[in-house]
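One structure is given here, and the rest of the page talks about it.
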Number of protein chains: 2
Amino acid sequence: MRITYRGDYALKTILELALHYGEEPAATITELAKRLDIPTKFLEQILLDLKRGRFVESRRGSVGGYFLAKAPSEIKLGEVVRFIDGSVEPIACVSKEYSGCRDMGTCAFKDIWYEVNKATSKIIDNITFEDLVKRTKKTSAVSTYQI
Amino acid sequence: MRITYRGDYALKTILELALHYGEEPAATITELAKRLDIPTKFLEQILLDLKRGRFVESRRGSVGGYFLAKAPSEIKLGEVVRFIDGSVEPIACVSKEYSGCRDMGTCAFKDIWYEVNKATSKIIDNITFEDLVKRTKKTSAVSTYQI
DNA sequence: ATAATCTCTATTGCTTTAGTAGAGTATACA
DNA sequence: TGTATACTCTACTAAAGCAATAGAGATTAT
């Protein structure tokens, strides 16, 4: 799994909309771009993508804008990552669709990539944007992790 | 973490050399390329890299070839992955060197990427090529994982 | 009408990836 | 000492992915 800027921006945008869940619309592209420090035209594209993925909805016109298509509790982090940045596996051979491997039976590495895949999925598929909203509001709470 | 072809080839090559640990040299580039189905000139580059990383050694000349620079038990999967494919983190902000983040203190996602990083590292840093040799010899043992 | 917004498609510059090419250097051995 | 065999090094290239940028078009509230 590799999170691109596109993915990072998408996640931050959904979180921002989640923080204003209930408001319709919750924010315009311009507002979101400014608040999150994302190039406006790039964010446009990302939001259109998120709309196609049914994560957000929009309203056009003079009081238009974007808002979540469902409750924050119903959007998992993993869903968004997979939708925007594609697969979560560390290597292509670990996927249902893949068929180009000569030694599926004997490859010593496949099981390891499966493990990595499973461990990653376990984390990102068990966090919803409701959780993230709570974490964000509980806020300025300093990170537990040390670099 | 994303494993490239380069990384995949490097790992398979080291495993092949590990299977012939003790023989000096264990194999020539040509032999390795043929057995592992890797483009010869590409493998040349990768082997030079692995040599710079002190994973393998070589002997030139008419009975030359490559062999491991240390015992398979002393080479961790994670070391090779990090050396060839770079970082293991899912996103750049989760790294000692990174400094470009506006909201290190409040970003709700950082802790998650740390977790993913930790989970991945735990797996790949706890497997040596000795383990992989054993798995390979125990062999045609069918994979535990279902796709 | 018109200002504010979202919608859609194309284009661009940069970097990474996966090779390919070819000339050079070292070694064993007849 | 010549030659076959093998590693060494640098440069080049084609394709894809990434991170935008550009601009014209469609909707809607007032």
Side-chain angles (χ1 to χ4, degrees), chain A residues 1-13 17 23-34 36-69 81 84-87 90-93 100, chain B residues 1-13 17 23-53 55-69 81 84-87 90-93 100:
Chain A
M1 178 172 73
R2 219 196 120 232
I3 307 297
T4 63
Y5 270 87
R6 196 182 190 82
D8 183 45
Y9 292 164
L11 296 175
K12 286 175 175 165
T13 300
L17 293 178
E23 302 171 39
E24 273 185 32
T28 66
I29 297 178
T30 314
E31 287 166 353
L32 290 167
K34 194 157 212 171
L36 302 173
D37 195 29
I38 300 171
T40 309
K41 296 297 277 180
F42 194 22
L43 184 56
E44 269 184 19
Q45 287 182 11
I46 295 168
L47 279 166
L48 283 174
D49 242 24
L50 290 175
K51 193 179 176 184
R52 288 181 203 113
R54 313 274 182 171
F55 296 105
V56 304
E57 287 180 19
S58 64
R59 183 168 306 147
R60 288 177 157 196
S62 71
V63 291
Y66 276 94
F67 49 98
L68 287 190
V81 170
I84 297 288
D85 277 340
S87 67
I91 189 170
C93 67
Chain B
M1 179 173 70
R2 214 194 126 232
I3 307 296
T4 63
Y5 269 87
R6 195 181 190 84
D8 183 45
Y9 292 163
L11 296 174
K12 285 175 176 165
T13 300
L17 293 177
E23 301 172 41
E24 274 186 29
T28 67
I29 296 178
T30 314
E31 286 166 351
L32 290 168
K34 195 157 211 172
R35 280 188 224 155
L36 302 173
D37 196 27
I38 300 172
T40 307
K41 296 296 279 181
F42 194 22
L43 183 56
E44 269 183 21
Q45 288 182 11
I46 295 168
L47 279 166
L48 283 175
D49 241 25
L50 290 175
K51 194 180 174 182
R52 288 180 203 114
F55 295 106
V56 304
E57 287 180 17
S58 63
R59 183 169 304 147
R60 288 176 157 198
S62 73
V63 291
Y66 276 94
F67 50 99
L68 288 191
V81 170
I84 297 288
D85 277 340
S87 67
I91 190 169
C93 67

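Naming convention: chains lettered A, B, ... in sequence-line order (proteins, then strands); numbering from 1 in each chain.
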Review point. Relative to the 5' end of DNA chain D, which residue comes earlier, B:Thr28 or A:Lys41, by the nucleotide with the nearest heavy atom?
Key: B:Thr28

Review point. Considering only heavy atoms from C-beta outward, does the side chain of B:Ile46 approach that of B:Arg6 to under 4.5 Å?
Key: yes

Study note, to complete from the structure: Distance col, row A:Tyr9:OH vs A:Leu50:CG, nearest 0.5 angstrom, shows 14.0 Å

**Study point:** Interatomic distance, B:Phe42 CZ vs D:dT10 P [rounded to whole Å]
**Key:** 18 Å

Exercise for review: In whole angstrom, give the distance that lies between atom CD of A:Glu44 and atom P of D:dT27.
Suggested key: 17 Å

Practice item. To the nearest Å, give me how far apart CG (B:Leu43) and C1' (D:dC7) are. Key: 12 Å

**Study point:** Intermediate values then yes/no, salt bridge (charged side-chain N to carboxylate O under 4.0 Å, His left out), A:Glu24 and A:Arg59
**Key:** CA-CA 9 Å; A:Glu24 273 185 32; A:Arg59 183 168 306 147; 3.4 Å; yes

Exercise for review: To the nearest 10°, let me know how far the axis at one end of the helix from C:dA1-D:dT30 to C:dA30-D:dT1 is tilted from the axis at the other, five pairs an end.
Suggested key: 0°

Revision key, fill the gap. 5'-most contact on DNA chain C (nearest-nucleotide basis), B:Gln45 vs A:Val63, goes to A:Val63

Revision key, fill the gap. Checking D:dT5, D:dT28, D:dC7 against the side chain of B:Ser62 (C-beta onward), the nearest is D:dT5

Exercise for review: Report the distance from atom CG of B:Asp49 to atom C1' of D:dC9, rounded to the nearest whole Å.
Suggested key: 12 Å

Practice item. Kindly give the heavy-atom pair with the smallest separation between A:Ile3 and A:Asp85, and that separation in Å. Key: CA-OD2, 3.3 Å

Check your understanding: Does B:Lys41 come within less than 4.0 Å of B:Glu44, counting only side-chain N to carboxylate O?
Key -> yes

Exercise for review: Check the surroundings of atom CZ in A:Phe67: do more than 12 heavy atoms from other residues, nucleotides or ligands lie under 6.0 Å from it?
Suggested key: yes

Review point. What is the distance from CD1 of A:Ile3 to C1' of D:dC18, rounded to the nearest Å?
Key: 14 Å

**Study point:** Rounded distance in Å - CD (B:Glu57) to P (D:dC7)
**Key:** 14 Å

Practice item. Would you indicate whether A:Arg54, at its atom CZ, is surrounded by more than 12 heavy atoms from other residues, nucleotides or ligands within a distance under 6.0 Å? Key: no

Practice item. Without swapping roles, check the side chain of B:Gln45 against the backbone of B:Phe42 for a donor-acceptor pair under 3.5 Å. Key: no

Revision key, fill the gap. Whichever of A:Arg60 and A:Arg6 has the more 5' nearest nucleotide on DNA chain D, that residue is A:Arg6

**Study point:** N/O (side chain, A:Thr4) to phosphate O (OP1/OP2, D:dA19) under 4.0 Å
**Key:** yes

Revision key, fill the gap. Nearest heavy-atom approach of A:Ile29 to A:Leu43 is O-CD2, 3.8 Å

Review point. What is the 5' to 3' range of DNA chain C, first to last nucleotide, that sits under 4.0 Å from any heavy atom of chain A?
Key: C:dA4 to C:dA10

Practice item. Measure from OH on B:Tyr66 to P on D:dT5 and round the result to the nearest Å. Key: 19 Å

**Study point:** Separation of D:dA20 C1' from A:Tyr9 OH (nearest whole Å)
**Key:** 9 Å

